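Here is the structure we will look at, set down as structure tokens.
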Protein chains: 2
Amino acid sequence: MGKVFVIGHKNPDTDSITAAISYAYLKKQLGMDAEAVRLGTVTGETAYALDYFGFEEPRLIQKAAPEVSKVILVDHNEKQQSVDDLDDVQVLEVVDHHRIANFETNYPLYYRAEPVGCTATILNKLYKENGVEVPKNIAGLMLSAIISDSLLFKSPTFTEEDRVAAEEMAVIAGVDTQEYGLAMLKAGANLNDKTLEELIVLDAKEFSIGAVKIEIAQVNAIDVNDVLNRQVDLEDLMRRVIAEKELDLFLFVVTDILNSDSVILVLGKEAERASAAFNVTLVNNVATLNGVVSRKKQIVPVLSSALK
Amino acid sequence: MGKVFVIGHKNPDTDSITAAISYAYLKKQLGMDAEAVRLGTVTGETAYALDYFGFEEPRLIQKAAPEVSKVILVDHNEKQQSVDDLDDVQVLEVVDHHRIANFETNYPLYYRAEPVGCTATILNKLYKENGVEVPKNIAGLMLSAIISDSLLFKSPTFTEEDRVAAEEMAVIAGVDTQEYGLAMLKAGANLNDKTLEELIVLDAKEFSIGAVKIEIAQVNAIDVNDVLNRQVDLEDLMRRVIAEKELDLFLFVVTDILNSDSVILVLGKEAERASAAFNVTLVNNVATLNGVVSRKKQIVPVLSSALK
């Protein structure tokens, strides 16, 4: 059927990059001419994982067609998070762990979503179901993804199935999960060497909730003040993005990976309804969400219910 | 979590009814309080299968809430084919083999779609993955579904995976597939005792392609003239449905189960574009589509490409 791109979401995180590599490897073993590609710059955290386990970054693409006519999506399904010309190619498969929205196909497809914390956990099952062994360095990537998505197993998105997968991957990869995991997270949480322009797109996702257009950017930090010290300039930048993309709401989420809380900076005409949804009051556009670390499980559903 | 409804699509066919029963049984074995329900009258074919293997019809429901707050969808995902109050409940899982469209959730879920000919083929895998044996009478239902969806293995939707599942189910159920299958199909293809009002909703599905609103009803026949003899009255009825539902196109598909062809009766303002898409000319609103038996694989994709 010709080459197939395996694609993670825009502003890729560690799960998106490593899932593309890990699933492309599996599909190649099964006879498909699959290539992992990426839709954006890899984070410091992901670069650490790729380097540690001996991988190059996947190739950066802007469009899928005309090089390929078929794609596989991993770690996402929403069109606005995917390759720009998604409508011009056929989606053969999706492997994901998010809600389903803004996704439509003309043809039946293989779609495998499970409500687990990480795409890698599902990929581990797919390796087993297809009778393919996970190689040592791929196991390292899959472990990295689970650590990343769960903030070292602390996120409420982290399930028993993720724990089982992480333990299996750690054995195959031969690493100490806690030691390796903290080093990897710290490599991604060093925000001082990042420009605000970089921070704002690092892990940003767009959502449409009813008629409300939202962007939620999230960064991990050892010290949230690394970001808050630059609040004035950050707000200028956020307001520019709001105007350009005609957003109704922009949440910038700074997650404290050591204390498992998040500080949110909220702008846009729906800012008050958003903060009310979390039962917090914005002071100087900022509030702390205690115990909140997961955009998917603790932020998007709350906003969905409140803004629909 | 309280009771969960397992729901097939409106105007249920054999796969929808039996998948609801078969998956509810599996979920009950796994500890969920699951109940198979249905959204419409069972066909003569489905009644034959239920009776043969000793099952009652699932309970008919109009709405899911407030009796349940969570549902599992089988054999469909498009909102307009599902329970009317789908937006008021949480979709926990989907097991399906159709394209994905008009489907959206707030939360991550278990979604298992595969491009195979029948939901039962996927359910057979889920029984295995969960280590639950398929009971003899459930195997009979699952075999019935594969026979129904593939017109006794003749449809282009029928895959190698469906063949394997059908063979496994036939062994467990202890029936002669060809003999049982033809008797079951004939029980559903006796159209003379059906009113036109019954025929028109028997296996009708709505689709939205871009801004074009379409209804496609399909019936199986031993003799297509059982329907065509009543064309004038059928057209009156179709025009009434077009007006009521504000359809742009209504295809009534009569599939000859012995010769594996279909006759289409086409009304609505998009009728010419629809017939052009199939490279046929409508004579008195009617045309024959040689070798076409599958709405999903041979009709919907053709219309999707042409009308988008």
Side-chain angles (χ1 to χ4, degrees), chain A residues 70 73 75-79 87-88 90-119 121-122 125-126 128-130 149 156-157 159 161 207-210 294-308, chain B residues 70 73 75-79 87-88 90-119 121-122 125-126 128-130 149 156-157 159 161 207-210 294-308:
Chain A
K70 292 172 170 41
L73 307 184
D75 195 32
H76 75 295
N77 67 85
E78 301 194 36
K79 190 170 147 177
D87 283 341
D88 301 333
Q90 185 185 346
V91 179
L92 271 189
E93 301 188 18
V94 177
V95 181
D96 190 21
H97 65 124
H98 295 87
R99 73 169 193 154
I100 298 177
N102 302 314
F103 180 77
E104 184 163 322
T105 66
N106 287 345
Y107 292 89
L109 73 164
Y110 183 90
Y111 197 111
R112 181 73 169 259
E114 302 196 16
V116 294
C118 184
T119 307
T121 301
I122 307 168
K125 290 190 189 185
L126 295 182
K128 287 180 188 172
E129 289 169 19
N130 286 287
D149 273 5
T157 59
T159 68
E161 297 198 55
F207 300 89
S208 292
I209 296 171
S294 166
R295 173 169 50 194
K296 182 172 77 167
K297 201 144 182 169
Q298 297 175 297
I299 296 178
V300 173
V302 172
L303 291 177
S304 290
S305 300
L307 301 177
K308 226 164 200 173
Chain B
K70 292 174 168 48
L73 307 185
D75 195 32
H76 75 294
N77 66 85
E78 301 195 34
K79 190 171 147 176
D87 283 342
D88 301 332
Q90 185 185 347
V91 179
L92 269 189
E93 301 189 18
V94 177
V95 182
D96 190 20
H97 65 123
H98 295 89
R99 72 170 192 154
I100 299 176
N102 302 314
F103 180 77
E104 185 162 319
T105 65
N106 287 347
Y107 291 89
L109 73 164
Y110 183 89
Y111 198 111
R112 180 73 170 260
E114 301 196 17
V116 294
C118 185
T119 307
T121 301
I122 307 167
K125 290 190 190 186
L126 295 183
K128 287 181 188 172
E129 289 169 19
N130 287 287
D149 272 6
T157 58
T159 68
E161 297 197 57
F207 299 90
S208 292
I209 296 171
S294 166
R295 173 170 50 196
K296 182 173 77 167
K297 200 144 182 170
Q298 297 175 298
I299 295 178
V300 173
V302 173
L303 291 177
S304 290
S305 299
L307 300 178
K308 228 167 198 170

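Owing to the predicted nature of the structure, the values given are computational and were not obtained by experimental measurement. Reminder, nothing fancy here: chain letters follow the sequence lines and each chain counts from 1.
Contact of the A/D149 side chain with the A/H97 side chain is registered, since non-hydrogen atoms from C-beta on lie closer than 4.5 Å.
Between chain A and the residues B/K296, B/E129, B/K297, the largest count of heavy-atom pairs under 4.5 Å involves B/E129. With chain A as partner, the option from B/V94, B/N106, B/D96 having the largest number of non-hydrogen pairs under 4.5 angstrom is B/N106. Contact count versus chain B (heavy atoms, under 4.5 Å) is highest, among A/A113, A/S305, A/A101, for A/A113. When each of B/N77, B/V116, B/I209, B/I100 is checked for heavy-atom pairs under 4.5 Å with chain A, B/I100 comes out on top.
Here the shortest heavy-atom pairing between B/T157 and B/S294 reads CG2-OG, 3.1 Å. Nearest heavy atom pair, residue A/Y110 against residue B/P115, reads N-CD, 3.6 Å.
One finds a salt bridge joining A/R99 and A/E78 here, because a Lys/Arg side-chain nitrogen approaches an Asp/Glu carboxylate oxygen to under 4.0 Å.
Using bins of under 30°, 30° to 60° and over 60° for the plane-to-plane angle, the ring pair A/Y111/B/Y111 lands in the tilted bin.
For B/E93, no part sits under 4.5 Å from any heavy atom of chain A, backbone or side chain.
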